[in-house]
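Atoms within a ligand are numbered from 1 in the order they appear, just like the ligands themselves. Every heavy atom of this structure was used, including side-chain atoms; hydrogens, water molecules and symmetry mates were not.
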Amino acid sequence: MKSPPCSSARHRVVIVGGGFGGLEAAKELAGAPVDITLIDQRNYHLFQPLLYQVATASLATSEIAWPIRAIFRGRPEVRTLLATLVGVDAGARRVQLDGGDAVPYDTLILATGARHAYFGHSEWEPFAPGLKTIEDATTIRRRILTAFERAELETDSRLQTALLTFAIVGAGPTGVELAGTIAELARDTLPPDFRRIDTRKARVVLIEAGLRVLPGYPEDLSAYAQRALEGLGVEVVLGNAVTECTADRVVYGDRSLKAKTVIWAAGVRASAAAEWVSAPADDNGRLVVLPDLTVPSHPEIFAIGDTVTIADPGGNPVPGIAPAAKQAGRHVANTIKSRLRGETASRAFRYKHAGSLAQIGKHRAVIDFGFIKLRGALAWWIWGIAHIYFLIGLRTRLSVAINWLWIHTRNQRSSRLITQGRGHRDHPTAD
Ligand SMILES: Cc1cc2nc3c(=O)[nH]c(=O)nc-3n(C[C@H](O)[C@H](O)[C@H](O)COP(=O)(O)OP(=O)(O)OC[C@H]3O[C@@H](n4cnc5c(N)ncnc54)[C@H](O)[C@@H]3O)c2cc1C
């Protein structure tokens with residue numbers, strides 16, 4: 001498909017979403033003759049891969065999030081707007097914002113990501129929060145810490161057991177990382193701080209509908225991850241889909257587990273990008289883009305990252321991970337630059353998979369680079385160095401490295417704050 005002609009004035013690029021894809025597109029457009037408007041519903045870029053560390057009191061919120069405005073302070077051609085996109089008028093080429101404003105564009109990049117989904121059971125959300133935003137992470141942190149506080153006060157042993165039972169639904173990387181870290185929190189960090197309860201008796205149950213943990217990884221790494229989790233005391237339940245979540249239990253198979261804290265780490269649903277531009281979508285709401293990442297019939301609109309579905313050159317779906325969103329952001333920026341140079345040929349996106357990494361507790365990780373698979377302590381070091389490298393700014397890198405050193409050497413997690421609740425008597429499953 002031929003690209004649209006560019007206007008004679010400076011080309012206006014509107015990017016919606018300051019996540020991994022949108023941010024990378026804006027960065028890659030540096031030096032191009034374009035004016036960029038970057039719109040996000042929140043004022044910060046969030047490093048989602050470490051959200052579980054906020055949820056488990058290991059890192060502070062400011063260590064995994066950065067104000068978008070500050071990231072682009074040296075780029076006068078980038079305008080940042082704190083607003084929520086509510087629609088796209090593709091005919092008039094403008095986006096509509098929640099406050100009623102409309103922003104015109106010559107090229108639009110939709111990079112609005114995804115949220116967790118409950119397989120049609122949104123009524124479970126209040127009882128089993130998912131992990132996607134800072135608010136989700138602090139909600140989960142509050143519930144975990146409040147459960148221990150309430151167990152310390154509780155005299156009914158059955159209720160105390162339910163308070164000290166943590167169920168995680170979904171054994172993908174997020175579920176595995178959460179389960180391992182909650183087990184270590186209970187086993188290593190909290191015991192000296194409580195007087196009546198033995199936090200080491202806490203149960204952490206990881207429930208997965210599939211037949212192995214980390215289903216996207218090679219089987220031997222999945223088996224290793226399961227053994228490592230069990231070594232930390234995590235109970236791994238496989239081949240059981242959750243059929244009910246309530247305020248005090250989770251039901252799977254023929255079992256009903258009394259648990260006051262249930263965390264949802266299964267299923268995602270794309271943003272409404274496909275609806276905004278009336279484009280086809282898959283079952284998870286992901287917009288089906290053309291090979292060059294444009295929206296069908298709209299070569300001036302690109303969509304990237306978790307909100308789209310596209311196959312790699314081998315025909316496999318491009319995974320919903322940060323490197324894929326970043327590569328797509330770079331691809332789109334380079335397409336815009338080549339169009340501005342007058343090149344009209346369409347450029348197909350070719351995703352290159354660099355590897356998959358997951359941490360299991362504070363000493364172990366698994367890594368699948370394709371040509372080599374790693375596990376154990378060496379994999380953990382590579383995992384740690386890679387994550388510190390991808391953080392933004394020296395201060396954050398140093399701060400995260402020091403925090404991890406403290407966790408490793410002293411078992412101390414500095415962010416054990418119960419915030420936004422009404423105090424220790426809060427019901428851990430009611431906000
Ligand atoms: C808990 C968790 C752990 C993860 N771990 C890993 C990992 O270890 N490794 C890895 O590679 N990937 C990981 N991922 C996946 C990775 O974070 C995503 O693939 C990546 O963030 C996708 O980038 P994106 O730009 O498409 O969307 P996002 O990074 O989600 O950014 C979307 C942006 O759009 C904004 N937005 C959404 N709707 C609107 C709207 N209507 N108006 C304005 N703004 C809007 C949002 O505020 C957000 O800033 C993890 C994800 C989660 C949730």
Side-chain angles (χ1 to χ4, degrees), residues 14-26 37-56 64-68 71 80-88 95-99 103 109-117 129-137 140 168 170 172-178 181 214 216-217 263-273 275-276 286-287 293 302-310 318-330 332 353-359 365-368 383 386-387 390:
V14 169
I15 303 174
V16 188
F20 284 100
L23 210 62
E24 196 68 13
T37 303
L38 179 51
I39 301 167
D40 201 298
Q41 63 195 0
R42 54 193 187 208
N43 79 329
Y44 54 85
H45 167 73
L46 178 62
F47 194 84
Q48 291 171 17
L50 290 180
L51 259 181
Y52 78 96
Q53 297 233 348
V54 171
T56 53
I64 64 159
W66 303 267
I68 297 172
I71 294 171
T80 304
L81 297 182
L82 176 64
T84 300
L85 181 95
V86 291
V88 176
V95 295
Q96 287 146 0
L97 306 181
D98 53 348
V103 180
I109 304 174
L110 294 172
T112 39
R115 255 197 86 74
H116 44 265
L131 185 58
K132 187 69 187 169
T133 65
I134 287 269
E135 291 78 11
D136 293 337
I140 291 171
I168 295 120
T174 300
V176 165
E177 291 175 331
L178 275 168
T181 316
L214 298 179
Y217 286 62
I263 305 172
W264 191 260
V268 290
R269 176 124 199 118
S271 74
E275 289 167 35
W276 295 328
R286 291 177 300 196
L287 198 163
L293 296 172
F302 294 91
I304 58 173
D306 281 7
T307 203
V308 308
T309 178
I310 186 168
V318 172
I321 57 174
K326 289 171 87 168
Q327 287 179 31
R330 283 197 291 276
V332 164
H353 189 61
S356 306
L357 298 77
Q359 188 202 22
V366 287
I367 302 182
D368 176 22
W383 174 94
H387 280 74
F390 285 115

Contact partition for [X] relative to ligand 1, non-hydrogen atoms under 4.0 Å:
X: Phe390; answer: neither
X: Ala358; answer: neither
X: Asp40; answer: both

Can you confirm, on distance only, whether ligand 1 has an N/O atom lying under 3.5 Å from any N/O atom belonging to [X]?
X: Gln41; answer: yes
X: Gly17; answer: no
X: Phe20; answer: yes
X: Val16; answer: no
X: Asp306; answer: yes
X: Gly21; answer: yes

Can [X] be said to touch ligand 1, with heavy atoms closer than 4.0 Å?
X: Leu131; value: yes
X: Ala265; value: no
X: Ser271; value: no
X: Trp276; value: yes

(request) Give the residue, atom name and distance (to 0.1 Å) of the protein heavy atom nearest atom 32 (C) of ligand 1. (result)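 For atom 32 (C) of ligand 1, the nearest protein heavy atom is Ala111 O, 3.4 Å.
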